[in-house]
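Side chains included, hydrogens not; waters and symmetry mates left out as well; all remaining heavy atoms used. Proteins come first, then strands; the chains are lettered A, B, ... in the order of their sequence lines, and each starts at number 1.
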Protein chains: 2
Amino acid sequence: MDTTQERSEAQDLPYNVFAKACPSRGTLEHVTGRWGALALGALHEHGSLRFNELRRRIDGVSEKMLSQTLHALERDGLVHREAQPTNPPRVDYELTTLGREVAERLIGLIHFVEGRMDDVLTARERYDATRGAR
Amino acid sequence: MDTTQERSEAQDLPYNVFAKACPSRGTLEHVTGRWGALALGALHEHGSLRFNELRRRIDGVSEKMLSQTLHALERDGLVHREAQPTNPPRVDYELTTLGREVAERLIGLIHFVEGRMDDVLTARERYDATRGAR
DNA sequence: CGGCATCCAACCGGATACTG
DNA sequence: CAGTATCCGGTTGGATGCCG
């Protein structure tokens, strides 16, 4: 039974991420992609961040990739970009309502994975011990 | 300088996906990656699938990528692989308990995104209309 | 500060061929 | 059927330089 608004079984929704041509697949990739997930996560924990604040929070992201990532998320309506014409320029990024809902689910996943990493690492050791020695 | 990864607000978990070197980042990428997310999703909806069944369900995945993806998920302890020494060979894949918990959160995210694609597409049109005409 | 343009290396990933 | 191995083209993504 469903505790939330989305169904757990097959659906007659017009969008299906398992279909190659479905636009939802692209959006899912923006959301779950290497940098997209971290950008949404960081913005969710902070409400609003400037470009370089965001960059510092996401260890390892390049300027180019962060810029690209934010554009994709903005275009999909998940992130709002607010530029102030001051000098030096100041640009703030924050989640939209839709973005916040997506980010909440993402954060749940991220925290769950972080919380189970010991299990994952143990599984890896067992896997490598049995199969890895080649 | 050392990249001291302070967690902004969350608990003092030893793993922090925002840190470049944290192993949780790799696992998150396996889980949310282009094919990892769809493999977990498909297995969650079906319980158990053979290699080519899985391949057919995930429109567009190549044999190589699916194989690679399944290995990574198996190594992380999210997917269980069961090979039967019959002829022709039969190999079943299914989620582990941990994998099922991960998949549930992922599915929630996927269905949410699918359910909001109209909003996303509308946002894209607005974005392209204001900036895109160049 | 907050970007975009360009160059270029790395690797991702598809097609193909082959094996058990 | 369930893969592995190899090739190789396209994309990703880092480094650098420049601009408002």
Side-chain angles (χ1 to χ4, degrees), chain A residues 20-21 25-26 28-39 42-43 46 48-75 79-94 127 130-134, chain B residues 3 20-21 25-26 28-39 42-43 46 48-75 79-94 127-128 130-134:
Chain A
K20 184 165 57 179
R25 187 178 281 191
L28 184 68
E29 277 164 26
H30 295 158
V31 167
T32 63
R34 187 172 180 191
W35 304 122
L38 297 178
L43 287 173
H46 279 76
S48 177
L49 287 172
R50 303 177 62 173
F51 185 84
N52 279 320
E53 286 176 339
L54 210 36
R55 186 149 140 60
R56 257 173 268 120
R57 288 224 115 245
I58 304 174
D59 190 18
V61 69
S62 71
E63 183 181 295
K64 177 184 173 183
M65 282 303 102
L66 182 56
S67 173
Q68 211 169 89
T69 298
L70 288 171
H71 276 309
L73 294 176
E74 186 192 359
R75 191 167 102 99
V79 163
H80 175 69
R81 178 180 184 276
E82 181 122 16
Q84 280 150 36
T86 59
N87 190 339
R90 179 192 178 95
V91 182
D92 288 286
Y93 292 91
E94 60 186 341
Y127 183 93
T130 49
R131 321 203 131 216
R134 83 177 82 127
Chain B
T3 56
K20 184 166 54 179
R25 187 177 282 189
L28 184 69
E29 276 163 27
H30 295 158
V31 167
T32 62
R34 189 173 180 189
W35 303 122
L38 297 179
L43 287 174
H46 279 77
S48 177
L49 287 172
R50 303 177 62 172
F51 186 83
N52 279 321
E53 286 175 338
L54 210 35
R55 187 151 140 60
R56 258 173 267 118
R57 287 221 114 243
I58 304 173
D59 191 17
V61 70
S62 71
E63 190 178 288
K64 175 184 170 182
M65 282 302 102
L66 182 56
S67 173
Q68 210 169 91
T69 298
L70 289 172
H71 277 309
L73 294 177
E74 186 192 359
R75 191 168 102 99
V79 163
H80 175 70
R81 178 179 183 278
E82 182 123 15
Q84 280 150 35
T86 59
N87 190 338
R90 178 191 179 96
V91 181
D92 288 287
Y93 292 90
E94 59 187 342
Y127 183 93
D128 292 346
T130 48
R131 324 201 130 213
R134 78 182 72 135

Output one line per pair: protein atom, nucleotide atom from nucleotides 14-16 of chain C, and distance, for all N/O pairs under 3.5 Å.
{"residue": "C/dG14", "atom": "OP2", "partner": "B/Ser62", "partner atom": "OG", "Å": "2.9"}
{"residue": "C/dG14", "atom": "O6", "partner": "B/Lys64", "partner atom": "NZ", "Å": "2.4"}

Testing B/Leu73, B/Leu70, B/Ile58 for side chain to side chain contact (heavy atoms under 4.5 Å, CB included) with B/Trp35, which one passes?
B/Ile58
Apply side chain to side chain contact (heavy atoms under 4.5 Å, CB included) to A/Val91 and A/Gln84, showing your working.
CA-CA 6 Å; A/Val91 182; A/Gln84 280 150 36; over 6 Å; no
So, OP1 or OP2 of D/dC1: does either fall under 4.0 Å of a side-chain N or O from B/Tyr93?
no
Distance check needed: C/dC1 C1' versus A/Arg55 CZ, whole Å only.
12 Å
Can you measure A/Leu66 atom CG to D/dA15 atom C1' for me and round it to whole angstrom units?
16 Å
Round to a whole Å and report the spacing from CG of A/Leu54 to C1' of C/dC1.
14 Å
Could you tell me if the side chain of A/Leu28 sits less than 4.5 Å from the side chain of B/Arg34, heavy atoms only?
no
For the pair made of CG in B/Leu49 and P in D/dA2, what is the distance, rounded to whole Å?
11 Å
Tell me whether the side-chain N/O atoms of B/His71 come closer than 4.0 Å to OP1 or OP2 in D/dG3.
no
Quick one: which of C/dG20, D/dG3, C/dC1 gets closest to the side chain of B/Arg81?
D/dG3
Protein-nucleotide distance (B/His30, atom NE2; C/dC12, atom C1'), rounded to Å:
13 Å
Is the phosphate of C/dC4, meaning OP1 or OP2, less than 4.0 Å from a side-chain N or O of A/Ser67?
yes
Would a distance-only check, ignoring hydrogens and angles, find a side-chain to backbone donor-acceptor pair under 3.5 Å from A/Glu53 to A/Arg50?
yes
Figure out the CD/P separation between B/Glu82 and D/dG3, and round it to whole Å.
13 Å
Does A/Asp92 come within less than 4.0 Å of A/Arg81, counting only side-chain N to carboxylate O?
no
Which residue lies toward the 5' end of DNA chain C, A/Gln68 or A/Pro89, if each is placed at its nearest nucleotide?
A/Pro89
Whole Å only: how far is the CG atom of A/Asp92 from the C1' atom of C/dC1?
12 Å
Side chain to side chain contact (heavy atoms under 4.5 Å, CB included) for B/Val61 and B/Arg55? Distances and angles first, verdict last.
CA-CA 7 Å; B/Val61 70; B/Arg55 187 151 140 60; 4.3 Å; yes
Looking at B/Glu63, is its backbone amide N or carbonyl O close enough to the side chain of B/Ser67 to form a donor-acceptor pair, meaning the two atoms are under 3.5 Å apart?
no
Atom-to-atom span, CD of A/Glu29 to C1' of D/dT12 - whole angstrom
13 Å
With side chain to side chain contact (heavy atoms under 4.5 Å, CB included) as the test, would you mind laying out the steps for B/His71 and B/Arg75 before giving the verdict?
CA-CA 6 Å; B/His71 277 309; B/Arg75 191 168 102 99; over 6 Å; no
For B/Glu82 and B/Tyr93, run side chain to side chain contact (heavy atoms under 4.5 Å, CB included): C-alpha distance rounded to whole Å, both residues' side-chain angles, the deciding distance at 0.1 Å, then the answer.
CA-CA 6 Å; B/Glu82 182 123 15; B/Tyr93 292 90; over 6 Å; no
What does the inter-axis angle of the helix from C/dC1-D/dG20 to C/dG20-D/dC1 come out as, five pairs per end, nearest 10 degrees?
50°
Side-chain N or O of A/Arg50 less than 4.0 angstrom from OP1 or OP2 on C/dG2?
yes
